[in-house]
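Before I ask anything, here is the structure I am working with.
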There are 2 protein chains.
Amino acid sequence: MLTRSIAPSLNVNRAAPGAFGPVEPFFGLTGHAGLIATEFTYRKDEEIYGEDEPAEYVYQVVRGAMRTYKLLSDGRRQIGAFHLPGDVFGLESGTKHRLAAEAIIDSTVRLVKRRRLEHAAGTDVRVAHKLWTITADDLKRAEEHILLLGRKSAMERVANFLLEMDRRLTVAGTMALPMCRRDIGDYLGLTLETVSRALSQLNDEGVLGFSGARQIVLRNHQRLRNMDI
Amino acid sequence: MLTRSIAPSLNVNRAAPGAFGPVEPFFGLTGHAGLIATEFTYRKDEEIYGEDEPAEYVYQVVRGAMRTYKLLSDGRRQIGAFHLPGDVFGLESGTKHRLAAEAIIDSTVRLVKRRRLEHAAGTDVRVAHKLWTITADDLKRAEEHILLLGRKSAMERVANFLLEMDRRLTVAGTMALPMCRRDIGDYLGLTLETVSRALSQLNDEGVLGFSGARQIVLRNHQRLRNMDI
DNA sequence: CGGGTACTTGACTCTGGTCAAGATTTGTGG
DNA sequence: CCACAAATCTTGACCAGAGTCAAGTACCCG
């Protein structure tokens, strides 16, 4: 049922529930705020929006995976977050997106107009409170990531990443990473080679096992937690 | 008029306006939400609150400077932000402080009970909107800091820091840094020696001048902006 | 099954960290 | 106001962890 056109395509039907089951539309905001959510499908590596573009919509991942990132003028990239089914992204209190967003793999998102959400927040304090907590949760994550980038070693960063991804996308004991080594490096402030070496070392030590480069089984969570600090 | 007791001391009088002029109390929130703000004075290096402590109050710097930080178990420290007069800090949507806070120098803060602010937000959408924008501004800063920590060189980080501090605390062409080299390093994800070497190099190149290690005059903003990327 | 992308691994480099003095600044008590 | 102590800052020499460059290998996907 996945649309494969280059341009983002409108999905009239509800997206099929993925590994995560059906995704509650915007935490029920669309329900009690009377907002209409539309679905779109994006292909692998397709841009959802660019850095500093007007923030017209707020998005929620239904199926697939997104990366948000900033670029320096010479091409260095820092990924701010990976967004998986259920996650809201692109919510801004200002008028512009501060990071760009791209689909990591073919993905479906649900979206609502930012102006409508803001309007709902202006008349319903429950909506206003929800917007605040979504942003506050993002800030909490960002502060933890600042600690990781400022003070943790390469191995500590990779261990942290594996535990985060294990929590968010392990199904039946195995983790299917949607992103490549370069994405992981750009998220952790490392090169793709350093990420690869760290994963190989963990494999050699029996902490994890591979069944394909992006199919990982964690065999010793405690060892990883000790490495993460 | 600065109280010098070890314990935080209640200031009955309005704090004298500093270099920044009088600080608008919580952006007018205290006015239209009917909240009462109290003032306290803290001595250099005194803790305002610890990491994971219950978030009972929200703070605003009136005079002085604060650092908020996270610690790893082995003592590595990451400073999340420096807070200067006018800045709000300690605002949480949850019940705990996610970073600890300390006074960098003798400082005065204004504070309101978090519960009262939350209650005001539950009845007044303007208050709710203000809390959201304060948190969203913090998130924007955090995302820029993530880019700095993940992808910028030592010199780029120091140049960025100098431009930020120049904007926030230069008076009459000179910048009086309240924080030591270790604080700067722990903010920028560097060691104090690396910070010192970068500043010395900028001094040698004529980009800045010292009149005391913490009294800095920027002589070439454009060169710094070019270094910052 | 074949081609292209992604991943791994090795050899070497280099930026920033570590350790150790020494210099400067700041704070304090006489 | 000065002298001294303590803290902070600078600088040097050396080191190590992560980056760079370059093959070679594995894994998809058509």
What contact category does B:Gly189 fall into here, base, sugar-phosphate, or nothing, at under 4.0 angstrom with non-hydrogen atoms?
sugar-phosphate
Pairs satisfying ring pair (Phe, Tyr, Trp, His ring centres under 6.0 Å), at least one member in residues 182-216 of chain B, at least two apart:
B:Phe82-B:Tyr187, B:His145-B:Tyr187
With a 4.0 Å cut-off, would you call A:Asp106 and A:Arg63 a salt bridge?
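Between A:Arg63 and A:Asp106 there is no salt bridge, as every charged N stays at least 4.0 Å from the carboxylate O atoms.
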CE of A:Met227 versus P of D:dG17: gap in Å, rounded?
15 Å
Using C1' atoms of five pairs at each end, report the bend of the helix from C:dC1-D:dG30 to C:dG30-D:dC1 rounded to 10 degrees.
50°
Who pairs with B:Arg76 by salt bridge (Lys or Arg N to Asp or Glu O under 4.0 Å), at least two apart in sequence or on another chain?
A:Glu156, B:Asp74
Neighbours of DNA chain D within residues 73-83 of chain B, by heavy-atom distance under 4.0 Å:
none
Length of the line joining B:Met155:CE and C:dC14:P, which is rounded to integer Å:
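Atom CE in B:Met155 sits about 18 Å away from atom P in C:dC14.
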Salt bridge between B:Glu144 and B:Lys140, side-chain N to carboxylate O under 4.0 Å?
yes
Salt-bridge test for B:Glu92 and B:Arg114: reply yes if a basic N is under 4.0 Å from a carboxylate O, no otherwise.
no
For a ring-ring contact (aromatic ring centres under 6.0 Å, His included) with A:Tyr59, tell me which candidate from A:Phe40, A:Tyr42, A:Phe89 qualifies.
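Single pass found, and it is A:Phe89.
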With sequence neighbours excluded, residues passing salt bridge (Lys or Arg N to Asp or Glu O under 4.0 Å) with A:Arg67
A:Asp45, A:Glu102, A:Asp183
To the nearest Å, give me how far apart CG (B:Asp106) and P (C:dT26) are.
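To the nearest whole Å, that distance equals 15 Å.
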Which parts of nucleotides 5-13 of chain C does protein reach within less than 4.0 Å, heavy atoms only, written one letter per nucleotide 5' to 3' as B for base, S for sugar-phosphate only and - for none?
-SSBBBB--
